[in-house]
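Report on the following structure.
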Amino acid sequence: MSTSATPQALPEAPASAPAQARTAATPAAHLERPGGGRRKLDWRVRFAFLSLVWGFSFLFIKVGTEGFAPFQVTLGRLLFGTAVVAAVIVVKHERLPRSPRTWAHLSVAALLLNAAPFSLFAYSELTIPSTLAGICNATSPLWGMALSLVALSEDRPTRRRVAGLGLGFLGVLTVLGAWNGFSGLDARGTAMALLASLCYPIGWIYVRRTLAGSGHSNVALTGAQLFVATLELALVTPLFTSMPSHFPVVPLLAIVALGALGTGLAFLVQYDIVSEVGPTTAQMVTYFTPVIATAAGVAVLGESLTWTTPAGAVIILAGAALTQSRPRAARRQP
């Protein structure tokens with residue numbers, strides 16, 4: 001998943017709705033006050049929820065693929081995620097876009113930010129552990145920074161950002177054990193996970209150029225984009241898979257959780273956090289997600305862990321943080 005004013009900052013998760021520079025509150029993040037008013041849950045609680053859900057998403061994908069084909073996992077994920085956002089749209093009486101041009105741009109955004117990366121992660125986890133997929137997802141800010149230097153004229157290269165980019169990809173080589181000739185890793189699965197993380201910044205650059213300032217709320221655009229992504233997968237899935245003969249309970253529940261929590265509710269909570277504390281703080285979820293994904297994979301799925309995985313993950317996250325940082329003088333400017 002993931003975005004905002006710095007679209008490359010929030011991956012897997014992240015990475016759903018366009019125009020995150022504008023924000024939307026989510027009804028799920030409110031509690032009734034004793035006096036009858038409404039009070040938001042503390043943003044730290046919502047931040048912790050978002051980190052947990054996105055971290056566990058890679059575990060949910062792994063469990064889902066144990067009972068269903070990768071395209072079926074992705075279709076189910078999008079279906080349940082769309083249902084959650086659609087319910088919010090109905091409750092809030094949001095208006096969906098009407099312009100054919102907007103829908104055309106949304107179809108491209110849906111492919112780049114939902115259908116393609118979700119499917120790639122599902123296929124990658126057929127042959128690689130969920131821990132590795134979660135760490136590959138953490139490279140999204142690095143890809144985003146590299147691409148923004150080329151595609152976005154306002155993002156100028158600095159020594160700090162270039163150093164962060166180099167440090168991050170050194171971390172990738174550490175995770176993959178480059179000095180051992182990448183032995184013990186499935187090259188195809190790892191490449192698909194890295195390609196999935198690359199899809200997010202490409203999609204956000206496209207969104208930034210085509211859908212910024214469209215006049216629609218994030219909730220409406222999120223719902224429309226997820227709906228289009230669901231249609232795209234509904235057309236593709238029958239071409240590569242057949243109807244399941246049975247529906248195992250645990251993989252099915254994993255897909256429901258992946259869609260309803262990790263794709264629907266999490267995106268809404270993300271926008272709520274951005275609206276309250278800003279994108280800089282909200283993007284810090286990027287650095288918690290791979291840690292939780294690794295812990296979940298090892299503790300719940302019993303996946304093996306060598307020293308190169310956590311060591312490389314720390315280097316990747318340090319590099320990603322460096323690419324997102326700015327000099328003090330720039331931070332003091334309004």
Side-chain angles (χ1 to χ4, degrees), residues 1-7 9-10 13-32 37-41 43 46 49-50 53 74-118 200 203-235 259-279 282:
M1 12 239 82
S2 29
T3 52
S4 75
T6 52
L10 294 174
S16 165
Q20 190 169 332
R22 291 171 289 114
T23 54
T26 169
H30 293 83
L31 290 176
E32 292 295 329
R38 300 211 307 178
R39 175 175 58 86
K40 286 185 178 181
L41 286 171
W43 72 267
R46 285 171 279 148
F49 166 80
L50 193 60
V53 168
T74 304
L75 177 59
R77 174 182 188 174
L78 288 169
L79 187 63
F80 289 110
T82 302
V84 170
V85 180
V88 175
I89 289 175
V90 171
V91 171
K92 293 175 67 69
H93 304 289
E94 295 282 352
R95 297 181 61 182
L96 293 175
R98 295 185 178 182
S99 168
R101 181 182 180 86
T102 300
W103 281 97
H105 289 314
L106 283 171
S107 66
V108 178
L111 175 64
L112 293 172
L113 295 173
N114 303 117
F118 291 178
Y200 293 129
W204 278 115
I205 289 174
Y206 178 84
V207 164
R208 189 168 171 176
R209 289 183 175 276
T210 60
L211 288 169
S214 65
H216 298 284
S217 72
N218 283 316
V219 175
L221 289 173
T222 300
Q225 181 179 307
L226 288 177
F227 174 72
V228 172
T230 304
L231 288 181
E232 292 172 347
L233 259 294
L235 294 175
L261 298 178
T263 306
L265 182 59
F267 290 151
L268 297 172
V269 172
Q270 179 194 12
Y271 292 139
D272 207 28
I273 295 173
V274 172
S275 69
E276 184 170 341
V277 299

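The chain is numbered in sequence order, starting from 1.
- H216 NE2 to T222 OG1: the interatomic distance, rounded to the nearest 0.5 Å, is 12.5 Å.
- The nearest pair of heavy atoms linking Q225 to A109 is OE1-CB, 3.7 Å.
- Partners of T230 under the side chain to side chain contact (heavy atoms under 4.5 Å, CB included) rule, at least two apart in sequence or in another chain, are L75, L78, L79, T82.
- Taking the side chain to side chain contact (heavy atoms under 4.5 Å, CB included) definition, one finds that Y206 meets it with H105, V108, L112, T210, sequence neighbours left out.
- Considering all non-hydrogen atoms of both residues, G223 and I89 come closest at CA-CD1, 3.8 Å.
- Here E276 contributes atom CD and L41 contributes atom CG; the two are 10.0 Å apart, rounded to the nearest 0.5 Å.
- Looking at every heavy atom in both residues, A229 comes nearest to N114 through CB-CB, 3.7 Å.
- Listed by chain and residue number, L111, C199 satisfy the side chain to side chain contact (heavy atoms under 4.5 Å, CB included) test with A116 (two or more places apart in sequence, or in another chain).
- Across all their heavy atoms, L233 and A115 have their closest contact at CD2-CB, 3.2 Å.
- Side chain of R77 to backbone of T263: no donor-acceptor contact under 3.5 angstrom is found.
- Nearest approach of L113 to G203, heavy atoms of both residues: CD2-CA, 3.8 Å.
- Distance check, rounded to the nearest 0.5 Å: CD1 of I273 to CG of L50 gives 5.0 Å.
- In this structure, L261 CG and F80 CZ are separated by 11.5 Å, a value rounded to the nearest 0.5 Å.
- V228 and S107 make their closest contact through CG1-CA, 3.5 Å (heavy atoms, listed as atom of the first residue, atom of the second, distance).
- Atom CG of L268 sits about 12.0 Å away from atom CZ of R46, to the nearest 0.5 Å.
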Checklist line | Audit row: L265, F49, side-chain contact (heavy atoms from CB on, under 4.5 Å) steps and yes/no | finding: CA-CA 10 Å; L265 182 59; F49 166 80; 3.7 Å; yes
